[in-house]
Novice: 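Please find one structure pasted underneath; my questions will follow.
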Amino acid sequence: MHVSDPRRSDVALAAAVDHLRLAGVPDPRVDAELLLAHVLGVSRGRAQALALVGASLTDAQAPVFRDLVLRRGGREPLQHLTGTAGFRGLELRVGPGVFVPRPETEVLVEHALALLPAGECRVVDLGTGSGAIALSIAVERPRARVVGVERSADALRWTLENARRTGAANARIVRGDLASAVPEWDGSVDVVVSNPPYVPDGMVPRDPEVQRFDPAAALFGGPDGLDPMRAVVATAERLLRSGGGLAVEHGELQGAEVRALLGPAWGGAATHPDLTGRDRVTTARLR
Ligand SMILES: C[S@@+](CC[C@H](N)C(=O)[O-])C[C@H]1O[C@@H](n2cnc3c(N)ncnc32)[C@H](O)[C@@H]1O
């Protein structure tokens, strides 16, 4: 990165955009502005305004910004660099060891909420990662009691911090395998929701951020990618009450396979698109 006056925010921002574009970052301007905002401790809009008038970075801020831009050019996820990921109004802490929540999973939450009865109810999120799904449902439905289940100790560090920061008293995080999760709620749960690992073993994710920084335990799901999904369906059959709902996220080409995994115990199976029109979520109700 060549910057004539590294302390002028407009100059630094232009150099950052050029660097990220050359590095193949998909949204170089957005990421550069968000990193500038992070370093300045202001909103993205405010950072844009400060750059427009050529405001100066301090001597301390300029090298921090340059370092973050270089790391983003090395394809570290933006959310690891800022330490946060936005999800349905929550600001979640994320970093190495935990899956960065994705915008398409906000759609999964929408479907899970649509399956919930009004009033008091029970929800289980299998493979909760950062806690994105469990915590947003707990916040958006204060009368729901929500349990998030996570097996990875590395991920759980982030889940517990997010649960504490969110402060939702109706959310509980438990460590364990989703196959044996929450036995005390057998037959009484209203909605089971999950975004399990679903990438077939051996497939190399296209984006370097995913390939190099998302934990393998969050991505890979056996030869066809659907081993965790089979466990999710079996656990949902154990946990749900009759008429309870299941909402799962999967790969864009896996909708038919996921519906086929749901045997005669299930009714009304349907696959729904994400915001880009790709099949992403399947829902069904236990008969
Ligand atoms: C794709 S990530 C989803 C994380 C989060 N729910 C989200 O949507 O952002 C899958 C998560 O499931 C967890 N996981 C994988 N296998 C599991 C198992 N058998 N039991 C519990 N958690 C599991 C992984 O550690 C990871 O956090």
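As the structure lists them, so they are numbered: ligands from 1, and atoms in each ligand from 1. Owing to the predicted nature of the structure, the values given are computational and were not obtained by experimental measurement.
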Novice: Are R172 and E184 ion-paired here, with the side-chain N under 4.0 Å from a carboxylate O?
Specialist: yes

Novice: Backbone or side chain, does any N or O of E150 fall under 3.5 Å from an N or O of ligand 1?
Specialist: yes

Novice: Count the heavy atoms belonging to other residues, nucleotides or ligands that lie under 6.0 Å from CZ of R44, then report whether that count exceeds 12.
Specialist: yes

Novice: Closest non-hydrogen protein atom to atom 22 (N) of ligand 1, residue and atom name please, with distance?
Specialist: R151 N, 3.4 Å

Novice: R102 versus ligand 1: do any nitrogen or oxygen atoms come within less than 3.5 Å of each other?
Specialist: no

Novice: Considering non-hydrogen atoms only, spot the tightest contact between S152 and G97 and give its length.
Specialist: OG-O, 4.3 Å

Novice: Should the pair R102-D214 be classified as a salt bridge under the 4.0 Å nitrogen-to-oxygen rule?
Specialist: yes

Novice: Using a strict cut-off of less than 4.0 Å between a Lys/Arg side-chain nitrogen and an Asp/Glu carboxylate oxygen, indicate whether E209 and R72 qualify as a salt bridge.
Specialist: yes

Novice: Among protein heavy atoms, which lies nearest atom 1 (C) of ligand 1, and at what distance?
Specialist: A218 O, 3.1 Å

Novice: So which atom in P223 and which in D201 form the shortest heavy-atom distance, rounded to 0.1 Å?
Specialist: N-OD2, 4.1 Å

Novice: When you measure from atom 9 (O) of ligand 1 to every protein heavy atom, which one gives the shortest distance, and what is it?
Specialist: F99 CD2, 3.5 Å

Novice: What atoms of ligand 1 come within less than 4.0 Å of a heavy atom belonging to P101?
Specialist: 9 (O)

Novice: Do L178 and ligand 1 have an N or O pair less than 3.5 Å apart?
Specialist: yes

Novice: Which heavy atom of L36 sits nearest a heavy atom of A51, and at what distance?
Specialist: CD2-CB, 4.4 Å

Novice: Considering D227, N195, V174 one by one, which has a heavy atom nearer to atom 7 (C) of ligand 1 than any of the others?
Specialist: N195

Novice: Check this for me: does any side-chain nitrogen of one of R151 and D177 sit under 4.0 Å from a carboxylate oxygen of the other?
Specialist: yes

Novice: What are the atoms of ligand 1, with element, lying closer than 4.0 Å to any heavy atom of T105?
Specialist: 8 (O)

Novice: Which ligand 1 atoms does A217 reach within 4.0 Å, using its non-hydrogen atoms?
Specialist: 15 (C), 24 (C)

Novice: Hey, could you give me each pair passing side chain to side chain donor-acceptor pair (under 3.5 Å) that has a residue in residues 127-138? Not counting sequence neighbours.
Specialist: D125-T128

Novice: What protein heavy atom lies closest to atom 5 (C) of ligand 1? Include the residue and the distance to one decimal.
Specialist: T128 O, 3.3 Å

Novice: Between D177 and ligand 1, is there a nitrogen or oxygen pair with a distance under 3.5 Å?
Specialist: yes

Novice: Ignoring hydrogens, just give me the one of A155, G148, G127 whose non-hydrogen atom is nearest atom 11 (C) of ligand 1.
Specialist: G127

Novice: Using a 4.0 Å cut-off to any heavy atom of G176, which atoms of ligand 1 qualify?
Specialist: 20 (N), 21 (C)

Novice: Any idea which atoms of ligand 1 are less than 4.0 Å away from a heavy-atom of I133?
Specialist: 6 (N), 8 (O)

Novice: Show the atoms of ligand 1 that are less than 4.0 angstrom away from any heavy atom in S152.
Specialist: 25 (O)

Novice: Taking W185's backbone N and O only, do any of them form a donor-acceptor pair with S188's side chain (distance below 3.5 Å, no angle check)?
Specialist: yes

